[in-house]
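Comments concern the structure below.
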Amino acid sequence: MRHVTEEELFQYREGDQKGREAVAAHLGECAECRGELARLEAVFAALDAIPVPDPGEDYGARVWRQIAPRLPEKGPRWWEVFFAPQRLAVAGALAALVIVAFYAGRVTKQPLPAPVDLAKQNQVRERVLIVAVGEHLGKSEMVLVELSNAQPASGQKLINIAAEQRRAENLVEENRLYRQTALEGGDKAMVSTLDELERVLLDVANSPDAVTPAQFESIQKRIAEHGILLKVRVVRQELRTAETGGKSQPAQTDSTAKEKNKA
Amino acid sequence: MSDAVAVERTLAGDREAYRVLVERHSAFVYRLAYRMTGNKEDAEEVVQEAFLRAYQKLRQFAGNANFATWVYRIAANYAIDRLRQRKNEDARRELPPRVVEGEPETDPLALVKDRAPSPEQLAGSVQLAAKMKEALGTLTPAERTAIVMRHWDGCGIEEIAAVLKSNSSAAKNTVFRAVQKLRLALAPFVEPRGAARAVGTES
(Lines give C-alpha, C1' and ligand atoms only; values in the text may rest on other atoms or scores of the structure.)
Protein backbone atom coordinates (compact mmCIF):
# COMPACT_ATOMS: atom_id res chain seq x y z
CA MET A 1 0.00 0.00 0.00
CA ARG A 2 1.37 3.43 -0.93
CA HIS A 3 1.58 5.95 1.91
CA VAL A 4 0.35 9.45 1.27
CA THR A 5 3.01 12.03 0.47
CA GLU A 6 3.79 14.98 2.69
CA GLU A 7 2.29 17.28 0.10
CA GLU A 8 -0.91 15.24 -0.05
CA LEU A 9 -1.13 15.41 3.74
CA PHE A 10 -0.59 19.14 3.65
CA GLN A 11 -3.24 19.65 0.94
CA TYR A 12 -5.60 17.45 2.94
CA ARG A 13 -5.07 19.62 5.99
CA GLU A 14 -5.58 22.71 3.84
CA GLY A 15 -8.99 21.37 2.88
CA ASP A 16 -8.19 20.60 -0.75
CA GLN A 17 -10.90 18.55 -2.42
CA LYS A 18 -8.60 16.83 -4.92
CA GLY A 19 -8.04 13.22 -3.86
CA ARG A 20 -9.50 14.02 -0.46
CA GLU A 21 -11.55 10.87 -0.12
CA ALA A 22 -8.62 8.60 -0.99
CA VAL A 23 -6.37 10.34 1.55
CA ALA A 24 -9.08 10.17 4.21
CA ALA A 25 -9.62 6.46 3.50
CA HIS A 26 -5.90 5.80 3.73
CA LEU A 27 -5.58 7.72 6.97
CA GLY A 28 -8.37 5.63 8.41
CA GLU A 29 -6.37 2.49 7.81
CA CYS A 30 -2.77 3.61 8.25
CA ALA A 31 -1.47 4.52 11.70
CA GLU A 32 1.89 5.55 10.26
CA CYS A 33 0.33 8.22 8.05
CA ARG A 34 -1.85 9.39 10.92
CA GLY A 35 1.40 9.84 12.84
CA GLU A 36 2.75 11.92 9.96
CA LEU A 37 -0.32 14.10 10.03
CA ALA A 38 0.12 14.53 13.77
CA ARG A 39 3.73 15.62 13.21
CA LEU A 40 2.52 18.15 10.66
CA GLU A 41 0.03 19.45 13.19
CA ALA A 42 2.85 19.74 15.69
CA VAL A 43 4.58 22.18 13.33
CA PHE A 44 1.53 24.43 13.32
CA ALA A 45 1.22 24.11 17.07
CA ALA A 46 4.85 25.18 17.38
CA LEU A 47 4.14 28.20 15.19
CA ASP A 48 1.39 29.18 17.59
CA ALA A 49 3.82 28.92 20.47
CA ILE A 50 5.79 31.91 19.18
CA PRO A 51 4.71 34.88 21.27
CA VAL A 52 4.20 38.34 19.80
CA PRO A 53 5.24 41.00 22.31
CA ASP A 54 2.41 43.27 23.37
CA PRO A 55 3.27 46.70 21.95
CA GLY A 56 1.24 48.37 24.71
CA GLU A 57 -2.16 50.02 24.89
CA ASP A 58 -0.88 53.35 23.66
CA TYR A 59 0.88 51.80 20.66
CA GLY A 60 -1.52 53.31 18.11
CA ALA A 61 -1.01 56.78 19.62
CA ARG A 62 2.76 56.29 19.48
CA VAL A 63 2.64 55.29 15.82
CA TRP A 64 0.56 58.39 15.13
CA ARG A 65 3.07 60.68 16.90
CA GLN A 66 5.86 59.15 14.83
CA ILE A 67 4.20 59.45 11.46
CA ALA A 68 2.06 62.60 11.83
CA PRO A 69 4.93 65.04 11.07
CA ARG A 70 5.73 63.06 7.91
CA LEU A 71 2.22 63.10 6.45
CA PRO A 72 1.76 65.50 3.55
CA GLU A 73 -1.32 67.76 3.49
CA LYS A 74 -4.21 66.15 1.70
CA GLY A 75 -7.07 67.81 -0.08
CA PRO A 76 -9.12 67.07 -3.15
CA ARG A 77 -7.16 67.53 -6.38
CA TRP A 78 -8.57 70.11 -8.73
CA TRP A 79 -9.04 67.70 -11.62
CA GLU A 80 -10.82 65.25 -9.38
CA VAL A 81 -13.06 68.03 -8.19
CA PHE A 82 -13.99 69.02 -11.72
CA PHE A 83 -14.07 65.71 -13.54
CA ALA A 84 -15.78 63.34 -11.10
CA PRO A 85 -19.05 62.20 -12.74
CA GLN A 86 -21.24 63.47 -9.92
CA ARG A 87 -19.49 66.81 -10.02
CA LEU A 88 -19.78 67.04 -13.75
CA ALA A 89 -23.52 66.62 -13.32
CA VAL A 90 -23.60 69.48 -10.85
CA ALA A 91 -21.37 71.56 -13.12
CA GLY A 92 -23.77 70.80 -15.98
CA ALA A 93 -26.68 71.98 -13.87
CA LEU A 94 -24.78 75.17 -13.08
CA ALA A 95 -24.04 75.74 -16.76
CA ALA A 96 -27.72 75.25 -17.57
CA LEU A 97 -28.63 77.82 -14.94
CA VAL A 98 -26.12 80.28 -16.42
CA ILE A 99 -27.67 79.85 -19.88
CA VAL A 100 -31.20 80.27 -18.51
CA ALA A 101 -30.14 83.36 -16.58
CA PHE A 102 -28.45 84.75 -19.68
CA TYR A 103 -31.54 84.33 -21.88
CA ALA A 104 -33.82 85.55 -19.13
CA GLY A 105 -31.66 88.66 -18.97
CA ARG A 106 -31.94 89.14 -22.73
CA VAL A 107 -35.69 88.77 -22.71
CA THR A 108 -36.37 91.05 -19.79
CA LYS A 109 -33.81 93.74 -20.45
CA GLN A 110 -33.94 94.37 -24.17
CA PRO A 111 -32.37 96.27 -25.76
CA LEU A 112 -29.02 95.46 -24.18
CA PRO A 113 -26.50 98.23 -23.94
CA ALA A 114 -23.43 97.46 -26.01
CA PRO A 115 -20.72 96.54 -25.22
CA VAL A 116 -21.76 94.00 -22.52
CA ASP A 117 -20.85 95.13 -19.05
CA LEU A 118 -18.30 92.67 -17.58
CA ALA A 119 -19.21 93.57 -14.02
CA LYS A 120 -22.82 92.67 -14.74
CA GLN A 121 -21.82 89.31 -16.17
CA ASN A 122 -19.94 88.56 -12.97
CA GLN A 123 -22.98 89.54 -10.98
CA VAL A 124 -25.09 87.12 -12.99
CA ARG A 125 -22.61 84.32 -12.37
CA GLU A 126 -22.52 85.09 -8.70
CA ARG A 127 -26.31 85.09 -8.55
CA VAL A 128 -26.49 81.75 -10.30
CA LEU A 129 -24.05 80.31 -7.81
CA ILE A 130 -26.02 81.78 -4.94
CA VAL A 131 -29.18 80.16 -6.27
CA ALA A 132 -27.44 76.79 -6.70
CA VAL A 133 -25.83 76.82 -3.25
CA GLY A 134 -29.12 77.96 -1.75
CA GLU A 135 -30.89 75.03 -3.35
CA HIS A 136 -28.22 72.63 -2.14
CA LEU A 137 -28.54 73.94 1.41
CA GLY A 138 -32.32 73.69 1.15
CA LYS A 139 -32.11 70.02 0.14
CA SER A 140 -29.59 69.30 2.89
CA GLU A 141 -31.75 71.05 5.45
CA MET A 142 -34.72 68.97 4.39
CA VAL A 143 -32.86 65.67 4.93
CA LEU A 144 -31.54 66.79 8.32
CA VAL A 145 -34.93 68.11 9.43
CA GLU A 146 -36.64 64.88 8.43
CA LEU A 147 -34.12 62.86 10.43
CA SER A 148 -34.24 65.21 13.41
CA ASN A 149 -38.01 65.25 13.62
CA ALA A 150 -38.65 61.55 13.03
CA GLN A 151 -40.02 59.74 16.06
CA PRO A 152 -39.61 55.97 15.89
CA ALA A 153 -42.70 54.12 17.08
CA SER A 154 -42.27 52.59 20.50
CA GLY A 155 -41.14 48.99 20.26
CA GLN A 156 -39.83 49.52 16.71
CA LYS A 157 -36.64 47.48 16.42
CA LEU A 158 -35.20 48.91 13.21
CA ILE A 159 -35.72 52.23 11.49
CA ASN A 160 -35.26 52.31 7.74
CA ILE A 161 -33.27 55.39 6.69
CA ALA A 162 -32.22 54.08 3.26
CA ALA A 163 -33.93 56.96 1.42
CA GLU A 164 -32.28 59.66 3.54
CA GLN A 165 -29.00 57.85 3.21
CA ARG A 166 -29.11 57.90 -0.62
CA ARG A 167 -30.02 61.57 -0.62
CA ALA A 168 -27.19 62.32 1.78
CA GLU A 169 -24.76 60.45 -0.49
CA ASN A 170 -25.68 62.66 -3.46
CA LEU A 171 -25.54 65.77 -1.34
CA VAL A 172 -22.01 64.93 -0.14
CA GLU A 173 -20.78 65.12 -3.73
CA GLU A 174 -22.51 68.43 -4.40
CA ASN A 175 -21.31 69.76 -1.09
CA ARG A 176 -17.69 69.11 -2.01
CA LEU A 177 -18.00 71.03 -5.25
CA TYR A 178 -19.52 74.05 -3.51
CA ARG A 179 -16.98 73.84 -0.72
CA GLN A 180 -14.18 73.87 -3.29
CA THR A 181 -15.73 76.85 -5.06
CA ALA A 182 -16.10 78.71 -1.76
CA LEU A 183 -12.51 77.86 -0.89
CA GLU A 184 -11.27 79.30 -4.17
CA GLY A 185 -13.42 82.38 -3.62
CA GLY A 186 -11.91 82.84 -0.14
CA ASP A 187 -15.30 82.62 1.59
CA LYS A 188 -14.09 81.11 4.85
CA ALA A 189 -17.45 81.17 6.60
CA MET A 190 -19.09 79.26 3.78
CA VAL A 191 -16.21 76.75 3.73
CA SER A 192 -16.59 76.19 7.46
CA THR A 193 -20.36 75.66 7.25
CA LEU A 194 -20.03 73.31 4.26
CA ASP A 195 -17.28 71.42 6.10
CA GLU A 196 -19.51 70.80 9.07
CA LEU A 197 -22.41 69.94 6.82
CA GLU A 198 -20.26 67.43 4.97
CA ARG A 199 -19.36 65.61 8.19
CA VAL A 200 -22.99 65.28 9.19
CA LEU A 201 -24.02 64.19 5.68
CA LEU A 202 -21.22 61.62 5.62
CA ASP A 203 -22.36 60.26 8.97
CA VAL A 204 -25.81 59.73 7.52
CA ALA A 205 -24.52 58.42 4.18
CA ASN A 206 -22.32 55.83 5.89
CA SER A 207 -24.94 54.57 8.34
CA PRO A 208 -26.56 51.19 7.71
CA ASP A 209 -29.83 51.14 5.72
CA ALA A 210 -31.74 50.19 8.83
CA VAL A 211 -30.65 51.40 12.24
CA THR A 212 -31.62 50.56 15.78
CA PRO A 213 -33.43 53.23 17.85
CA ALA A 214 -30.15 53.80 19.74
CA GLN A 215 -28.21 54.33 16.52
CA PHE A 216 -30.94 56.58 15.22
CA GLU A 217 -30.82 58.65 18.38
CA SER A 218 -27.07 58.95 18.00
CA ILE A 219 -27.52 60.28 14.43
CA GLN A 220 -30.04 62.82 15.72
CA LYS A 221 -27.64 63.82 18.47
CA ARG A 222 -24.84 64.36 15.98
CA ILE A 223 -27.10 66.58 13.88
CA ALA A 224 -28.07 68.58 16.95
CA GLU A 225 -24.59 68.64 18.45
CA HIS A 226 -23.03 71.46 16.45
CA GLY A 227 -26.21 73.31 15.60
CA ILE A 228 -25.63 72.53 11.95
CA LEU A 229 -29.31 73.05 11.10
CA LEU A 230 -29.24 76.55 12.55
CA LYS A 231 -26.07 77.38 10.65
CA VAL A 232 -27.49 76.07 7.40
CA ARG A 233 -30.64 78.12 7.91
CA VAL A 234 -28.67 81.30 8.66
CA VAL A 235 -26.51 80.88 5.55
CA ARG A 236 -29.59 80.13 3.44
CA GLN A 237 -31.24 83.27 4.74
CA GLU A 238 -28.14 85.28 3.85
CA LEU A 239 -28.15 83.77 0.39
CA ARG A 240 -31.84 84.57 -0.04
CA THR A 241 -31.17 88.18 0.92
CA ALA A 242 -28.32 88.29 -1.58
CA GLU A 243 -30.49 86.64 -4.22
CA THR A 244 -33.26 89.19 -3.84
CA GLY A 245 -30.87 92.06 -4.39
CA GLY A 246 -29.40 92.51 -0.91
CA LYS A 247 -25.68 92.83 -0.43
CA SER A 248 -23.78 89.59 -0.89
CA GLN A 249 -20.19 90.55 -0.31
CA PRO A 250 -18.09 87.63 0.99
CA ALA A 251 -16.76 89.79 3.82
CA GLN A 252 -20.28 90.29 5.09
CA THR A 253 -21.04 86.61 4.86
CA ASP A 254 -17.91 86.06 6.91
CA SER A 255 -18.89 88.38 9.69
CA THR A 256 -22.46 87.16 9.93
CA ALA A 257 -21.16 83.63 10.01
CA LYS A 258 -18.97 84.53 12.96
CA GLU A 259 -22.08 85.69 14.77
CA LYS A 260 -23.77 82.49 13.77
CA ASN A 261 -20.84 80.43 15.02
CA LYS A 262 -21.08 82.15 18.36
CA ALA A 263 -24.72 81.10 18.45
CA MET B 1 -16.53 56.87 13.48
CA SER B 2 -16.48 53.96 11.04
CA ASP B 3 -13.39 53.24 8.93
CA ALA B 4 -15.24 54.29 5.78
CA VAL B 5 -16.14 57.67 7.26
CA ALA B 6 -12.59 58.15 8.53
CA VAL B 7 -11.22 57.45 5.04
CA GLU B 8 -13.66 59.93 3.46
CA ARG B 9 -12.76 62.60 5.96
CA THR B 10 -9.06 62.02 5.51
CA LEU B 11 -9.49 62.44 1.78
CA ALA B 12 -11.34 65.66 2.44
CA GLY B 13 -8.25 66.94 4.27
CA ASP B 14 -9.07 66.01 7.87
CA ARG B 15 -5.84 64.58 9.32
CA GLU B 16 -7.43 63.79 12.66
CA ALA B 17 -9.62 61.25 10.88
CA TYR B 18 -6.50 59.40 9.75
CA ARG B 19 -5.32 59.40 13.35
CA VAL B 20 -8.40 57.32 14.20
CA LEU B 21 -7.44 54.75 11.56
CA VAL B 22 -3.82 54.59 12.72
CA GLU B 23 -4.76 54.22 16.37
CA ARG B 24 -7.37 51.60 15.59
CA HIS B 25 -5.31 49.30 13.37
CA SER B 26 -1.68 49.69 14.50
CA ALA B 27 -1.66 46.72 16.86
CA PHE B 28 -3.17 44.45 14.20
CA VAL B 29 -0.54 45.47 11.63
CA TYR B 30 2.16 45.15 14.28
CA ARG B 31 1.37 41.45 14.83
CA LEU B 32 1.87 40.74 11.14
CA ALA B 33 5.01 42.87 11.00
CA TYR B 34 6.53 41.16 14.04
CA ARG B 35 5.85 37.69 12.69
CA MET B 36 7.37 38.61 9.37
CA THR B 37 10.44 40.42 10.62
CA GLY B 38 11.00 38.55 13.88
CA ASN B 39 12.01 41.60 15.91
CA LYS B 40 10.42 44.65 17.50
CA GLU B 41 12.47 47.37 15.84
CA ASP B 42 11.88 46.16 12.31
CA ALA B 43 8.23 45.46 13.08
CA GLU B 44 7.70 49.02 14.31
CA GLU B 45 9.36 50.41 11.22
CA VAL B 46 7.12 48.28 8.99
CA VAL B 47 4.02 49.54 10.80
CA GLN B 48 5.01 53.20 10.40
CA GLU B 49 5.89 52.78 6.76
CA ALA B 50 2.67 50.88 6.05
CA PHE B 51 0.53 53.71 7.44
CA LEU B 52 2.58 56.35 5.62
CA ARG B 53 2.17 54.49 2.34
CA ALA B 54 -1.51 53.89 2.97
CA TYR B 55 -1.98 57.63 3.49
CA GLN B 56 -0.17 58.46 0.28
CA LYS B 57 -2.19 55.90 -1.69
CA LEU B 58 -5.50 56.56 0.03
CA ARG B 59 -7.09 57.79 -3.19
CA GLN B 60 -6.51 54.34 -4.71
CA PHE B 61 -8.40 52.72 -1.85
CA ALA B 62 -11.75 51.42 -3.05
CA GLY B 63 -14.44 52.73 -0.72
CA ASN B 64 -16.21 49.39 -0.45
CA ALA B 65 -13.03 47.54 0.61
CA ASN B 66 -11.93 46.94 4.17
CA PHE B 67 -9.31 49.44 5.33
CA ALA B 68 -7.71 46.98 7.78
CA THR B 69 -7.23 44.36 5.04
CA TRP B 70 -5.85 47.00 2.71
CA VAL B 71 -3.27 48.37 5.13
CA TYR B 72 -2.40 44.79 6.10
CA ARG B 73 -1.53 44.05 2.50
CA ILE B 74 0.57 47.20 2.21
CA ALA B 75 2.45 46.15 5.35
CA ALA B 76 3.00 42.62 3.99
CA ASN B 77 4.32 44.05 0.71
CA TYR B 78 6.67 46.38 2.49
CA ALA B 79 7.85 43.68 4.91
CA ILE B 80 8.67 41.23 2.13
CA ASP B 81 10.60 43.92 0.23
CA ARG B 82 12.49 44.68 3.42
CA LEU B 83 13.33 41.02 4.04
CA ARG B 84 14.62 40.70 0.49
CA GLN B 85 16.63 43.88 0.76
CA ARG B 86 18.18 42.69 4.00
CA LYS B 87 19.05 39.35 2.43
CA ASN B 88 20.80 41.14 -0.43
CA GLU B 89 22.68 43.39 1.98
CA ASP B 90 23.84 40.37 3.96
CA ALA B 91 24.98 38.71 0.76
CA ARG B 92 26.97 41.79 -0.26
CA ARG B 93 28.67 41.94 3.14
CA GLU B 94 29.34 38.23 2.78
CA LEU B 95 27.53 37.51 6.01
CA PRO B 96 26.04 34.07 6.45
CA PRO B 97 22.55 34.41 5.01
CA ARG B 98 19.71 34.77 7.51
CA VAL B 99 17.54 32.99 5.03
CA VAL B 100 18.54 29.78 3.33
CA GLU B 101 17.32 27.95 0.26
CA GLY B 102 17.05 24.20 0.09
CA GLU B 103 20.66 23.54 -0.88
CA PRO B 104 22.43 20.70 0.92
CA GLU B 105 24.81 22.85 2.93
CA THR B 106 22.03 25.19 4.05
CA ASP B 107 19.38 22.57 4.72
CA PRO B 108 17.35 23.80 7.72
CA LEU B 109 17.60 20.37 9.23
CA ALA B 110 21.38 20.53 9.05
CA LEU B 111 21.31 23.90 10.80
CA VAL B 112 19.63 22.55 13.89
CA LYS B 113 20.29 18.82 14.11
CA ASP B 114 23.72 19.09 15.71
CA ARG B 115 22.36 21.23 18.49
CA ALA B 116 19.16 19.34 18.88
CA PRO B 117 18.20 18.60 22.47
CA SER B 118 16.13 15.56 23.31
CA PRO B 119 12.35 15.86 23.11
CA GLU B 120 12.19 15.83 26.92
CA GLN B 121 14.54 18.77 27.12
CA LEU B 122 12.45 20.64 24.69
CA ALA B 123 9.16 19.97 26.38
CA GLY B 124 8.68 23.59 27.39
CA SER B 125 6.86 25.64 24.82
CA VAL B 126 9.28 28.52 25.39
CA GLN B 127 12.12 26.44 23.99
CA LEU B 128 9.96 25.14 21.19
CA ALA B 129 8.96 28.69 20.32
CA ALA B 130 12.59 29.73 20.25
CA LYS B 131 13.45 26.85 17.94
CA MET B 132 10.51 27.67 15.71
CA LYS B 133 11.58 31.29 15.57
CA GLU B 134 15.02 30.13 14.51
CA ALA B 135 13.49 27.87 11.87
CA LEU B 136 11.36 30.72 10.54
CA GLY B 137 14.56 32.67 10.07
CA THR B 138 15.74 30.01 7.64
CA LEU B 139 12.82 30.58 5.26
CA THR B 140 13.05 32.75 2.18
CA PRO B 141 11.17 36.08 2.38
CA ALA B 142 8.43 34.67 0.16
CA GLU B 143 8.06 31.51 2.23
CA ARG B 144 7.96 33.45 5.45
CA THR B 145 5.36 35.84 4.11
CA ALA B 146 3.27 32.96 2.80
CA ILE B 147 3.25 30.99 6.05
CA VAL B 148 2.59 34.07 8.20
CA MET B 149 -0.33 35.16 6.04
CA ARG B 150 -1.75 31.66 5.71
CA HIS B 151 -1.31 30.28 9.19
CA TRP B 152 -1.78 33.24 11.51
CA ASP B 153 -4.00 35.48 9.51
CA GLY B 154 -5.95 32.87 7.56
CA CYS B 155 -5.42 34.70 4.25
CA GLY B 156 -6.66 33.06 1.08
CA ILE B 157 -4.21 31.74 -1.50
CA GLU B 158 -5.25 34.48 -3.96
CA GLU B 159 -4.42 37.14 -1.40
CA ILE B 160 -1.03 35.59 -0.73
CA ALA B 161 -0.38 35.32 -4.47
CA ALA B 162 -1.12 39.05 -4.83
CA VAL B 163 1.50 39.95 -2.21
CA LEU B 164 4.05 37.50 -3.64
CA LYS B 165 3.23 38.74 -7.15
CA SER B 166 2.78 35.18 -8.34
CA ASN B 167 -0.12 32.94 -9.28
CA SER B 168 -2.26 30.81 -6.98
CA SER B 169 -0.53 27.58 -7.78
CA ALA B 170 2.92 29.03 -7.08
CA ALA B 171 1.65 30.66 -3.88
CA LYS B 172 0.25 27.32 -2.70
CA ASN B 173 3.61 25.68 -3.39
CA THR B 174 5.37 28.42 -1.46
CA VAL B 175 3.20 27.78 1.58
CA PHE B 176 3.89 24.08 1.27
CA ARG B 177 7.65 24.61 0.93
CA ALA B 178 7.60 26.75 4.06
CA VAL B 179 5.73 24.08 6.01
CA GLN B 180 8.08 21.41 4.71
CA LYS B 181 11.17 23.34 5.80
CA LEU B 182 9.72 24.09 9.21
CA ARG B 183 8.77 20.47 9.65
CA LEU B 184 12.27 19.32 8.76
CA ALA B 185 13.83 21.88 11.08
CA LEU B 186 11.60 20.86 13.95
CA ALA B 187 11.70 17.12 13.28
CA PRO B 188 14.30 16.43 15.99
CA PHE B 189 12.09 18.15 18.55
CA VAL B 190 8.68 16.86 17.74
CA GLU B 191 9.63 13.20 17.22
CA PRO B 192 12.41 10.88 18.31
CA ARG B 193 15.44 11.00 16.03
CA GLY B 194 15.38 8.60 13.15
CA ALA B 195 11.73 7.88 13.62
CA ALA B 196 10.65 9.87 10.61
CA ARG B 197 10.02 7.79 7.55
CA ALA B 198 10.11 8.94 3.98
CA VAL B 199 6.50 9.69 3.31
CA GLY B 200 5.01 8.52 0.07
CA THR B 201 6.96 5.26 0.16
CA GLU B 202 5.61 1.74 0.25
CA SER B 203 5.15 0.31 3.73
Side-chain angles (χ1 to χ4, degrees), chain A residues 1-11 13-14 16 30 32-33 35-36 38-68 70-77 80 172 176 179 195 198-199 202-203 205-207, chain B residues 1-2 4-5 8-15 18-19 22-27 29-31 34-35 40 43-44 47-48 51-52 55-56 58-59 125-126 128-133 135-136 147 150-152 172 175-176 179-180 182-183 186-187 189-191 195-197 199-203:
Chain A
M1 174 181 59
R2 190 184 74 85
H3 289 302
V4 292
T5 64
E6 190 177 13
E7 189 164 6
E8 282 167 340
L9 275 180
F10 169 72
Q11 303 300 4
R13 191 189 177 276
E14 284 279 287
D16 251 25
C30 177
E32 210 174 325
C33 283
E36 284 302 319
R39 276 184 273 272
L40 196 60
E41 289 297 342
V43 172
F44 292 107
L47 276 173
D48 287 330
I50 300 176
V52 175
D54 181 4
E57 272 186 21
D58 66 334
Y59 180 59
R62 264 193 293 139
V63 173
W64 174 252
R65 280 197 297 276
Q66 282 154 342
I67 67 167
R70 294 158 66 193
L71 295 178
E73 287 298 327
K74 198 177 277 298
R77 294 170 188 162
E80 286 173 345
V172 167
R176 283 185 186 151
R179 183 189 170 280
D195 257 348
E198 184 176 324
R199 282 182 199 151
L202 269 173
D203 273 345
N206 290 307
S207 300
Chain B
M1 191 194 307
S2 72
V5 173
E8 284 279 359
R9 287 192 187 174
T10 307
L11 286 172
D14 179 358
R15 281 158 63 98
Y18 197 62
R19 178 193 198 126
V22 171
E23 293 191 357
R24 190 174 289 162
H25 299 295
S26 283
V29 178
Y30 177 82
R31 282 194 290 277
Y34 182 83
R35 283 169 178 147
K40 278 188 195 176
E44 288 187 1
V47 174
Q48 287 176 32
F51 280 103
L52 279 171
Y55 185 83
Q56 284 155 0
L58 203 56
R59 284 177 202 287
S125 65
V126 176
L128 187 63
K131 285 295 157 197
M132 185 47 121
K133 214 172 160 184
L136 273 174
I147 191 73
R150 184 75 181 149
H151 178 68
W152 278 295
K172 209 181 226 184
V175 179
F176 174 63
V179 173
Q180 203 176 23
L182 294 178
R183 186 179 175 280
L186 288 198
F189 313 121
V190 295
E191 61 193 309
R197 65 162 170 79
V199 282
T201 56
E202 299 287 324
S203 59

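First the proteins, then the strands, lettered A, B, ... as listed; each starts at 1. Quantities reported herein were computed from a predicted structural model and do not represent experimental measurements. Values reported hereafter were calculated over all heavy atoms of this structure, with side chains retained and with hydrogens, waters and symmetry mates removed.
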Report which part of [X] has an atom under 4.5 Å of a heavy atom belonging to chain A: side chain, backbone, both, or neither.
| X | value |
| --- | --- |
| B:Val175 | both |
| B:Tyr34 | side chain |
| B:Arg150 | side chain |
| B:Arg19 | both |

- [ ] Could you check A:Leu9 against A:Arg13 for side-chain contact (heavy atoms from CB on, under 4.5 Å), going step by step and ending with a plain yes or no?
- [x] CA-CA 6 Å; A:Leu9 275 180; A:Arg13 191 189 177 276; over 6 Å; no
- [ ] Against chain A, work out which of B:Lys133, B:Arg35, B:Lys172 has the most heavy-atom pairs shorter than 4.5 Å and name it.
- [x]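 Most pairs with chain A among the choices: B:Lys172.
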Open item on the list: If you count heavy-atom pairs within less than 4.5 Å of chain A, which of B:Lys40, B:His25, B:Arg24, B:Glu44 leads?
Closed with: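 Going by pairs under 4.5 Å, I would pick B:Glu44.
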- [ ] Verify side-chain contact (heavy atoms from CB on, under 4.5 Å) between A:Phe10 and A:Thr5, making sure each step is shown before the conclusion.
- [x] CA-CA 9 Å; A:Phe10 169 72; A:Thr5 64; over 6 Å; no
- [ ] Run the numbers on B:Arg15 and B:Tyr55 for side-chain contact (heavy atoms from CB on, under 4.5 Å), then give the verdict.
- [x] CA-CA 10 Å; B:Arg15 281 158 63 98; B:Tyr55 185 83; 3.9 Å; yes
- [ ] Please look at A:Phe44 and chain B and tell me whether the side chain, the backbone, both or neither of the residue comes under 4.5 angstrom of a heavy atom of that chain.
- [x]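 Both parts, backbone and side chain.
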Task: Proximity breakdown for A:Gln11 and chain B, heavy-atom pairs closer than 4.5 Å - done: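 Just its side chain gets close to chain B.
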Name every donor-acceptor pair, under 3.5 Å, that has one atom in a side chain of residues 56-63 of chain A and the other anywhere in the protein, sequence neighbours excluded.
unit_1  : atom_1 : unit_2  : atom_2 : d
A:Arg62 : NH2    : A:Pro55 : O      : 2.5

Task: side-chain contact (heavy atoms from CB on, under 4.5 Å) assessment of B:Val5 paired with A:Arg199 - done: CA-CA 9 Å; B:Val5 173; A:Arg199 282 182 199 151; over 6 Å; no
Open item on the list: Under a 4.0 Å threshold between the charged nitrogen and the carboxylate oxygen, would A:Arg39 count as salt-bridged to A:Glu6?
Closed with: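 Result for this pair is no, no salt bridge flagged.
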